[in-house]
Amino acid sequence: MVALENLEIFEIASKYFLGQMTGFKDLLASEINQLDSIDWIHNKGSVKTCKADETGRKMRCKVGLQYGLKVELSLNEAELIWEAFQKFFKESYFEKIERNRNNEELERYEFIARTSKGDEIECSIYLANEWNIPQISISGFVSSRYKNCDFSK
């Protein structure tokens, strides 16, 4: 487990949260047959640089981290994924785990885990219907932090 203070360093936090996403994807793939596929699309994301602060240092954030798979899941499987999501992210540095129920009548499910610093991992599931292309997506955002070299300045 990564020490909490090390998550203040951009490189360590980026690696940790990508690892969390990968671990969750792998857990789902081991528990739900349709998700045990080599067809997952992976996006490593991109680094955005913030404006320099008063010391001249620039914080960075990482956006666009994602795993996605076009797959038809059932309501029962979406509920199993919600249970797995809660359990998996309660055992990490995410303080807030929630389920957005606003679009569930359209068979769109959204589960979100957030840290106090603003990092976020989201799992979205679209069940097959006339409005949705069936799929699952696990996406992430690493909030702004200084790079390791900035701490020595």
Side-chain angles (χ1 to χ4, degrees), residues 1-51 58-146:
M1 189 87 167
V2 174
L4 187 57
E5 61 273 5
N6 288 341
L7 287 178
E8 293 299 316
I9 299 169
F10 176 74
E11 297 90 341
I12 294 172
S14 294
K15 184 176 179 179
Y16 175 76
F17 291 114
L18 176 59
Q20 289 293 294
M21 291 174 59
T22 303
F24 182 63
K25 176 195 72 79
D26 293 345
L27 171 72
L28 294 181
S30 71
E31 293 185 359
I32 299 174
N33 288 339
Q34 297 94 294
L35 301 181
D36 187 15
S37 168
I38 58 170
D39 295 334
W40 283 89
I41 296 170
H42 175 59
N43 186 342
K44 293 181 182 180
S46 61
V47 175
K48 304 293 181 188
T49 305
C50 303
K51 190 175 181 179
K58 295 179 181 179
M59 294 180 109
R60 284 146 176 88
C61 64
K62 193 158 200 175
V63 300
L65 293 166
Q66 183 178 25
Y67 284 102
L69 182 63
K70 290 187 179 176
V71 62
E72 193 166 328
L73 297 169
S74 68
L75 175 58
N76 186 46
E77 289 164 329
E79 292 297 337
L80 289 172
I81 292 169
W82 166 236
E83 290 172 18
F85 187 88
Q86 291 179 91
K87 184 178 183 208
F88 186 88
F89 289 107
K90 278 184 184 174
E91 297 172 2
S92 62
Y93 290 115
F94 293 89
E95 292 91 15
K96 188 173 183 180
I97 298 168
E98 62 186 45
R99 178 175 179 166
N100 180 352
R101 296 184 182 269
N102 291 338
N103 291 316
E104 289 187 5
E105 68 277 358
L106 299 174
E107 297 183 307
R108 295 177 183 175
Y109 298 85
E110 182 179 62
F111 316 133
I112 305 163
R114 291 186 181 98
T115 67
S116 59
K117 184 131 178 99
D119 311 296
E120 184 174 295
I121 293 178
E122 179 180 306
C123 179
S124 299
I125 301 167
Y126 287 16
L127 301 184
N129 66 32
E130 64 184 292
W131 301 284
N132 297 332
I133 296 171
Q135 60 189 294
I136 183 170
S137 171
I138 303 166
S139 57
F141 170 84
V142 179
S143 67
S144 56
R145 292 171 166 78
Y146 292 108

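For this chain, numbers begin at 1 and follow the sequence in order.
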Over all heavy atoms of both residues, which pair between [X] and [Y] is shortest? Give the atoms and the distance, please.
X      : Y      : result
Leu28  : Leu35  : CB-CD1, 3.8 Å
Leu65  : Leu18  : CD2-CD1, 4.2 Å
Ala128 : Glu107 : O-OE1, 3.7 Å
Gln20  : Ser92  : OE1-CB, 3.3 Å
Ala78  : Phe111 : O-CZ, 3.7 Å

For [X], which residues count as a side chain to side chain donor-acceptor pair (under 3.5 Å) partner, sequence neighbours excluded?
X      : value
Glu11  : none
Thr22  : Tyr67
Thr49  : none
Asn100 : Asn102, Glu110

Item to check | Contacts of Ile133 that satisfy side chain to side chain contact (heavy atoms under 4.5 Å, CB included) - sequence neighbours left out | outcome: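 Checked Ile133 against side chain to side chain contact (heavy atoms under 4.5 Å, CB included); matches are Lys70, Gln135.
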Item to check | Residues that Val47 engages under side chain to side chain contact (heavy atoms under 4.5 Å, CB included), provided they are two or more places apart | outcome: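 Val47: side chain to side chain contact (heavy atoms under 4.5 Å, CB included) contacts with Phe10, Arg60, Lys62.
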Item to check | Neighbour count >12 (heavy atoms, 6.0 Å) for atom CD, Glu104 | outcome: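 Correct, the count exceeds 12.
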Next on the checklist: Ring of Tyr126, cation from Arg108 - is the NZ or CZ under 6.0 Å from the centre and inside 45° of the axis?
Outcome noted: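 Yes, Arg108 lies over the aromatic ring of Tyr126.
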Residues 114-125 side chain polar contacts: donor-acceptor under 3.5 Å, at least two apart:
residue, atom, partner, partner atom, Å
Arg114, NE, Glu120, OE1, 2.8
Arg114, NH1, Glu98, OE1, 3.4
Arg114, NH1, Glu98, OE2, 3.0
Arg114, NH2, Glu120, OE1, 3.4
Thr115, OG1, Lys117, N, 3.3
Thr115, OG1, Gly118, N, 3.3
Thr115, OG1, Asp119, N, 3.0
Thr115, OG1, Asp119, OD2, 2.7
Asp119, OD1, Ser143, N, 2.8
Asp119, OD1, Ser143, OG, 3.1
Asp119, OD1, Arg145, NH1, 2.7
Asp119, OD1, Arg145, NH2, 3.4
Asp119, OD2, Arg145, NH2, 2.8
Glu122, OE2, Ser124, OG, 3.0

Report, one line per pair, each donor and acceptor closer than 3.5 Å where one atom sits in a side chain of residues 80-90; sequence neighbours left out.
none

Next on the checklist: Enumerate the side-chain hydrogen bond (donor to acceptor under 3.5 Å, both in side chains) contacts for residues 34-44, please, sequence neighbours excluded, ordered by first and then second residue.
Outcome noted: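 As it turns out, the side-chain hydrogen bond (donor to acceptor under 3.5 Å, both in side chains) pairs with a partner in residues 34-44, which skip direct neighbours, are Gln34-Glu77.
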Next on the checklist: I need the Ile32 CD1 to Ser74 OG distance, nearest 0.5 Å.
Outcome noted: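 These two atoms lie 8.0 Å from each other.
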Next on the checklist: Between Leu75 and Tyr109, is the side chain to side chain contact (heavy atoms under 4.5 Å, CB included) condition met? List the steps.
Outcome noted: CA-CA 9 Å; Leu75 175 58; Tyr109 298 85; 3.0 Å; yes
Next on the checklist: Determine whether a donor-acceptor pair (N or O, by modelled atom type, separation under 3.5 Å) exists between the side chain of Asn103 and the backbone of Leu106.
Outcome noted: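 Side chain of Asn103 to backbone of Leu106: no pair is present.
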Checklist entry - In chain order, what residues pass the salt bridge (charged side-chain N to carboxylate O under 4.0 Å, His left out) check against Glu31, with sequence neighbours excluded? => result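 None.
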Checklist entry - Partners of Phe17 by ring-ring contact (aromatic ring centres under 6.0 Å, His included), sequence neighbours excluded? => result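 ring-ring contact (aromatic ring centres under 6.0 Å, His included) check on Phe17 returns Phe94.
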Checklist entry - Which pairs, with at least one residue in residues 129-142 and sequence neighbours excluded, count as a salt bridge (charged side-chain N to carboxylate O under 4.0 Å, His left out)? => result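 Counting only pairs at least two positions apart or across chains, no salt bridge (charged side-chain N to carboxylate O under 4.0 Å, His left out) contact touches residues 129-142.
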